[in-house]
Amino acid sequence: MDEKNQLPDGTCVRAVSRIRDLPGDVLSLIEHEKLGEDGLRCWLLKLDSSAAQIPEIKKLLDEGESEGIHERHLCRVRSPWYALERITVPDLLIGPMGKSRFRVVVNDVGAIPTNTLYGLRLRNPSSPGAVNHLAQWLSSEEGQAALRSVARQHGDGLLKLEPGPLSVVPVPAGIVELQCNAKISTRLS
């Protein structure tokens, strides 16, 4: 958190890497700040070419290059290596693996998920409570059964959701009206 506070405003976005770090079913501002206080990574650099020239940012990028980060696979295929793709903030965060349950967390703080989580966004929620209704249903026994029905079975009873099958989970019309058009987005970093 201290390192983030030393950087200019607008050069970082809130992020979340592991759903197990989230204590509840809603990621609020207070909970996100606690992640940073606990020493967990919870910010992503989001830079344009002009921001990369700011001395504090340039120093950070130089440190990254000296550590070889720019040579890692995903960084190596980006131009420039530190640039993130355009990321749409999801309404819900979903853990892709579980043995009996998949975690679903309402993303009230607008954090960007890293590539260890899935994000689900409602394009046009018909009501202010649409996101919460969908989260409650996905966390219910009926919703969990729907998620399990599209998950792949791995060893030792581990289930894994994939983006394609997850995007076609049948959601009852009464939970989220049809104009909500739920869309799955995954974050690759």
Side-chain angles (χ1 to χ4, degrees), residues 1-98 102-123 125 131-132 135 158 160-164 166-167 182-189:
M1 185 76 141
D2 290 336
E3 187 176 42
K4 183 263 178 206
N5 290 334
Q6 295 172 10
L7 299 175
D9 288 342
T11 57
C12 293
V13 293
R14 293 181 189 282
V16 63
S17 294
R18 299 184 312 198
I19 206 153
R20 70 175 176 246
D21 294 335
L22 308 178
D25 297 331
V26 177
L27 179 57
S28 67
L29 179 62
I30 292 169
E31 288 176 342
H32 187 268
E33 288 176 354
K34 184 163 180 354
L35 294 175
E37 291 165 6
D38 291 345
L40 299 172
R41 294 180 180 186
C42 60
W43 293 94
L44 285 174
L45 272 177
K46 186 172 183 186
L47 307 173
D48 58 25
S49 57
S50 64
Q53 301 310 310
I54 297 169
E56 299 91 344
I57 300 293
K58 183 154 180 33
K59 180 180 180 232
L60 195 60
L61 294 175
D62 289 345
E63 288 172 11
E65 287 182 5
S66 71
E67 294 173 16
I69 292 172
H70 67 296
E71 293 296 329
R72 294 180 185 173
H73 174 70
L74 290 176
C75 291
R76 192 174 56 236
V77 298
R78 293 180 183 143
S79 181
W81 68 268
Y82 53 81
L84 297 178
E85 62 274 9
R86 183 182 163 122
I87 303 164
T88 303
V89 174
D91 297 308
L92 298 174
L93 302 167
I94 301 174
M97 293 189 193
F102 294 98
R103 286 274 316 273
V104 178
V105 176
V106 176
N107 187 16
D108 274 357
V109 76
I112 301 296
T114 63
N115 63 346
T116 58
L117 300 174
Y118 293 138
L120 186 138
R121 177 178 58 91
L122 299 182
R123 291 184 182 160
V131 171
N132 289 328
L158 184 67
K160 182 170 190 232
L161 293 169
E162 299 289 346
L166 181 57
S167 69
K183 181 183 178 191
I184 298 296
S185 63
T186 58
R187 163 80 181 99
L188 301 175
S189 62

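- The shortest non-hydrogen separation linking Ala111 to Leu27 is CB-CD2, 3.8 Å.
- Taking Ala15 as the reference, Leu44 meet the side-chain contact (heavy atoms from CB on, under 4.5 Å) condition, with sequence neighbours excluded.
- The backbone N or O of Gly64 lies less than 3.5 Å from no partner atom in the side chain of Tyr82, so there is not a single donor-acceptor pair.
- Listed by first and then second residue, the salt bridge (Lys or Arg N to Asp or Glu O under 4.0 Å) pairs that reach into residues 6-19 are Arg18-Asp21, sequence neighbours excluded.
- The closest side-chain heavy-atom distance from Asn107 to Val16 is not below 4.5 Å.
- A side-chain donor-acceptor contact under 3.5 Å links Arg103 to the backbone of Gly24.
- Taken to the nearest 0.5 Å, the NZ atom of Lys34 stands 11.5 Å off from the SG atom of Cys42.
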Taking it one step at a time, do Tyr118 and Glu162 satisfy side-chain contact (heavy atoms from CB on, under 4.5 Å)?
CA-CA 9 Å; Tyr118 293 138; Glu162 299 289 346; 4.0 Å; yes
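- Among residues two or more places apart in sequence or in another chain, the side-chain contact (heavy atoms from CB on, under 4.5 Å) test is passed with Glu63 by Lys59, Leu60.
- When side chains are defined from C-beta on, Val26 does not count as touching Val105, because their heavy atoms never get closer than 4.5 Å.
- Between Leu7 and the choices Leu45, Ile54, Leu47, the side chain to side chain contact (heavy atoms under 4.5 Å, CB included) rule is met once, by Leu45.
- Between Glu31 and Leu35 there is no side-chain heavy-atom pair separated by less than 4.5 Å.
- In this structure, Arg76 places its CZ atom where more than 12 heavy-atom neighbours from other residues, nucleotides or ligands lie under 6.0 Å away.
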